[in-house]
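Have a look at the structure below, then the notes.
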Amino acid sequence: MATKKPLKIAIVAGEESGDLLGADIVASLKRATGREVRLVGIGGRHLQALGLTPLFDGGEIALMGLSAILRDLPRLIRRISQTADAVAGEKPDCLITIDSPDFSLRVAKKVRAADTAIPIIHYVCPSVWAWRPGRAEAMKPYVDHILCILPFEVKELARLGGPPGTYVGHRLMHDPGVLGAAKAQSLPRDLSEDRVKTLLVLPGSRRGEVRRLVGPFGKTISILRARGHRLRLLLPTVPHVADLVRASVASWDEKPEIILDTERKWQAFGKADAALIASGTVSLELALSGVPMISCYRLDPVMRIAQRLITVWSAALPNLIADRPIVPESYNEYVRPHYLARQLEALFSDTPYRAWQKDGFAEVARRMAVDKPSGDIAAGVVMRYIQRVSSE
């Protein structure tokens, strides 16, 4: 019996989240085809466990924010060329670029120019629906398909003249931690006025976010205490900002429990009465877990200049998915502790405000539901393009 020819897949993934998405696709491809999958490109520990030897450390391209990109531009340009040359030289069956669009899409463009026969699929739709909508149409010449993790993105790509897209679902929908937290949140809960309230405090996973928000968050907590609330503060964070967080909360009236362990993070989500957060993907984690929240953000100086380019009506993912306001948002000079404290008070009790959010979270989960794991759906799209090329 003839041995099936191995698949050669090129992957470009910088962020940890992208590395996980890439690993899901590779595992699904192996299961679906029964073929060996040989990997080239860039990725982290999850893809390396599946056989990838990265061209360089993917952390080098895991840059967030315009300021960081501008600072590192010369090195990024060199890495883009290095990656594109290596991928084109390998002649893979498919190139999958994952997130980090300022890097990965430039690689895709160079690979398409070098070899038009290589199918190119991008995973995680760039936020063209939020700002710089012209990027959608600009991708079309060198991206064959986009794997979308938010249900509204397929229509947005079509509306903006971008590449075709497929909604593959979000891996959070099947995350055991999220499912466990959601189960805990669904149980009967004491919402009486005189109890100790459990508040999640999430000031961000980037140093700039933490510095800009930890002060207003601390003042908000002081106001809640002054208004008679007894609090238990839980602060899940990530290792690379943990020291900054510890130093920043040292002067707070009420000291939070700092949590680094992932399992304990999800347990904290299950226990929380409400959350005060930096705007980001964590809003979706909380929504799917069923935790009422207040979302805040303070833009860095460069992004304040560029904010006029933002076209989306909300920055909170639960709001965009449900297509209605669910999570209240405070930005820049409107991150006001006295206002935040009163909003949190309304979430601590069995109020219509709390019920509105909980109902909205159920709508988010309904709209995001898919009938099989996202990695399997994504792998099906990849194979369709590989087979299309092989049949030509």
Side-chain angles (χ1 to χ4, degrees), residues 172-203 217 220-237 252-259 261-296 316-319 321-322 324-330 337 339-369:
L172 284 174
M173 293 292 292
H174 304 281
D175 188 285
V178 171
L179 296 176
K183 183 177 180 180
Q185 283 288 336
S186 69
L187 299 174
R189 181 175 294 265
D190 179 9
L191 295 175
S192 58
E193 181 63 29
D194 60 350
R195 81 196 193 288
V196 175
K197 287 88 172 178
T198 300
L199 176 65
L200 276 177
V201 184
L202 295 153
F217 283 10
T220 300
I221 289 156
S222 295
I223 293 165
L224 286 169
R225 280 167 51 89
R227 290 171 68 85
H229 295 281
R230 293 182 298 142
L231 302 171
R232 180 188 181 192
L233 305 179
L234 304 177
L235 198 162
T237 189
W252 284 13
D253 293 342
E254 182 86 24
K255 304 299 187 293
E257 299 172 37
I258 295 175
I259 297 169
D261 178 74
T262 302
E263 184 176 349
R264 287 189 61 218
K265 166 192 166 177
W266 294 119
Q267 291 171 355
F269 276 40
K271 295 172 183 173
D273 295 308
L276 179 62
I277 73 166
S279 180
T281 303
V282 71
S283 67
L284 188 55
E285 293 180 350
L286 290 163
L288 294 174
S289 298
V291 184
M293 74 192 91
I294 308 296
S295 178
C296 304
L317 291 176
N319 294 352
I321 293 166
R324 65 177 172 90
I326 300 170
V327 178
E329 302 172 272
S330 294
Y339 181 60
L340 299 178
R342 287 160 174 81
Q343 285 187 309
L344 287 169
E345 284 181 335
L347 295 177
F348 285 151
S349 302
D350 189 14
T351 60
Y353 195 39
R354 182 183 177 90
W356 173 264
Q357 282 206 20
K358 288 280 195 175
D359 180 67
F361 297 159
E363 176 67 9
V364 169
R366 187 189 68 76
R367 293 191 178 207
M368 292 186 68

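Model, not experiment: these values are computed from the prediction.
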Could you pull out every donor-acceptor pair under 3.5 Å between side chains of residues 281-291 and any protein atom, sequence neighbours left out?
| from | atom 1 | to | atom 2 | distance (Å) |
| --- | --- | --- | --- | --- |
| Ser283 | OG | Gly280 | O | 2.8 |
| Glu285 | OE1 | Lys265 | NZ | 3.0 |
| Ser289 | OG | Glu285 | O | 2.8 |

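Across all non-hydrogen atoms, the minimal contact from Ala316 to Val327 is CB-CB, 4.3 Å. For the pair Ala272 and Gln185, the tightest heavy-atom approach, listed with the atom from each and the gap, is O-NE2, 2.8 Å. Of all heavy-atom pairs spanning Phe217 and Pro203, the tightest one is CE2-CA, 3.8 Å. Nearest heavy-atom pair across Leu179 and Met173 is CD2-O, 3.7 Å.
Interatomic distance, Arg324 CZ to Asn319 CG, rounded to the nearest 0.5 Å: 9.0 Å. From Ser349, atom OG reaches atom CG of Leu191 across 7.0 Å, with rounding to the nearest 0.5 Å. The line from CG of Asp359 to CD of Glu363 is 7.5 Å long, rounded to the nearest 0.5 Å. With rounding to the nearest 0.5 angstrom, the CZ atom of Phe348 is 7.5 Å from the CZ atom of Arg195. Taking CG of Leu276 as the start and CD of Gln343 as the end, the distance is 9.5 Å to the nearest 0.5 Å. With rounding to the nearest 0.5 Å, the separation of CZ in Arg232 from CG in Leu200 is 10.0 Å.
Around atom NZ of Lys255, more than 12 heavy atoms belonging to other residues, nucleotides or ligands sit under 6.0 Å away. In Glu263, the CD atom is not crowded: 12 or fewer heavy atoms of neighbouring residues, nucleotides or ligands sit closer than 6.0 Å.
Taking the ring centroids of Trp356 and Tyr353, they lie at or beyond the 6.0 Å cut-off.
Residues passing the ring pair (Phe, Tyr, Trp, His ring centres under 6.0 Å) test with Phe361, sequence neighbours excluded: none. Looking at residues two or more places apart in sequence or on another chain, you find a side chain to side chain donor-acceptor pair (under 3.5 Å) between Glu345 and Arg227, His229.
Arg367 places a side-chain N or O within 3.5 Å of a backbone atom of Ile321 that can act as its donor or acceptor partner. Under a 3.5 Å cut-off, the side chain of Glu254 and the backbone N or O of Ile221 do not form any donor-acceptor pair.
Among Leu340, Leu202, Thr220, the single residue meeting the side-chain contact (heavy atoms from CB on, under 4.5 Å) criterion with Cys296 is Leu340. Screening Leu231, Leu234, Leu233 for a side-chain contact (heavy atoms from CB on, under 4.5 Å) with Thr198, the sole residue that qualifies is Leu234.
At least one side-chain heavy atom of Pro328 sits under 4.5 Å from a side-chain heavy atom of Gln357. Side-chain contact between Val201 and Pro256 is absent, with no heavy-atom pair separated by less than 4.5 Å.
Under 4.0 Å is where a charged nitrogen must lie from a carboxylate oxygen, and between Asp273 and Arg354 no such pair does.
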